Each structure stands twice: as structure tokens, then as C-alpha cells.
Amino acid sequence: AKANRDAARARGTLPVIPYRSNAKQQPKLFPKKLYRLRARVEILIGKAKRFKRIALRCEKTAQNFASIVALVFVFILIKSVHTT
């Protein structure tokens with residue numbers, strides 16, 4: 001993970017990779033809010049990949065793929081809001 005953090009810093013981004021609990025050089029501050037947001041994005045992408053058309057990239061044109069992705073995100077949003 002140290003190599004990943006160093007590569008992210010070299011590109012000028014803030015790495016949001018948690019340190020192990022037994023790491024010797026842990027920073028005093030860790031961006032927990034950014035980590036939570038990153039986790040939400042990863043969960044959303046995982047949910048989207050459960051749809052076969054997205055996972056297998058069945059739509060070949062960028063416009064068709066973007067429309068399927070938008071439709072899938074609407075399905076995910078409706079399911080998260082409308083739970084009975």
C-alpha cells in the first residue's frame with residue numbers, strides 16, 4: 001500500500017488508503033470523510049457491475065453505454081429510495 005500511496009502522491013492526488021493498525025508511521029490525521037465517500041462510490045460501481053449489460057460492455061457505442069449506465073443508476077436510486 002505504501003507504493004500505491006507514493007504513486008498517488010506523485011500524480012498529485014490525495015491517497016485515501018487506510019493504514020494498517022500496526023503500521024509504524026501512521027499520520028495523525030486521516031481523511032475519514034473522503035474514505036467514506038470513496039467507499040460509497042466503490043459500492044455504487046459494484047452494484048452497477050451486477051447488471052450484465054454493463055459488466056460485459058454489451059453496448060459498443062459510447063452514447064448507448066452511457067444511456068444504459070444512466071438507466072442502471074436510476075434503477076439503483078429507485079431501489080434505495082423505495083424499500084418496502
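Model, not experiment: these values are computed from the prediction. All heavy atoms count here, side chains included; hydrogens, waters and symmetry mates do not.
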Inset, instruction - Taking the side chain as every heavy atom from C-beta outward, state whether F73 and L77 have any pair of such atoms under 4.5 Å apart. - result: no

Inset, instruction - Could you work out the complete set of other residues in the hydrophobic cluster of V41, with links drawn between I, L, V, M, F, W and Y side chains under 4.5 Å apart? - result: I45

Legend entry - side chain to side chain donor-acceptor pair (under 3.5 Å): pairs with one or both residues in residues 67-77, sequence neighbours excluded: none

Inset, instruction - Provide the full list of side chain to side chain donor-acceptor pair (under 3.5 Å) pairs with a residue in residues 39-50, sequence neighbours left out, each pair given once. - result: R38-E42

Inset, instruction - Please identify each residue that fulfils side chain to side chain contact (heavy atoms under 4.5 Å, CB included) with L56, with sequence neighbours left out. - result: K52, C58

Inset, instruction - Please identify each residue that fulfils salt bridge (charged side-chain N to carboxylate O under 4.0 Å, His left out) with R9, with sequence neighbours left out. - result: D6

Legend entry - Within one Ile-Leu-Val-Met-Phe-Trp-Tyr cluster: L44 and I54, side-chain cutoff 4.5 Å: yes

Inset, instruction - Using side chain to side chain contact (heavy atoms under 4.5 Å, CB included) as the criterion, list what pairs up with A8, not counting sequence neighbours. - result: R11, T13, P15

Legend entry - Set of residues satisfying side chain to side chain donor-acceptor pair (under 3.5 Å) with respect to T61, sequence neighbours excluded: N64

Legend entry - Connected-component partners of Y19 among ILVMFWY, side-chain separation under 4.5 Å: none

Legend entry - All side chain to side chain contact (heavy atoms under 4.5 Å, CB included) counterparts of L71, not counting sequence neighbours: F75

Legend entry - Within residues 14-23 or reaching into it, pairs that qualify as salt bridge (Lys or Arg N to Asp or Glu O under 4.0 Å) - sequence neighbours excluded: none

Legend entry - Interatomic distance, N4 atom CG to I17 atom CD1 [nearest 0.5 angstrom]: 5.0 Å

Inset, instruction - Could you pull out all residues at least two apart from R57 that satisfy side chain to side chain contact (heavy atoms under 4.5 Å, CB included)? - result: F65

Legend entry - Nonpolar side-chain network containing Y35, other nodes, edges under 4.5 Å: L14, V16, F30, L34

Legend entry - I68 side chain near F51 side chain, heavy-atom distance below 4.5 Å: no

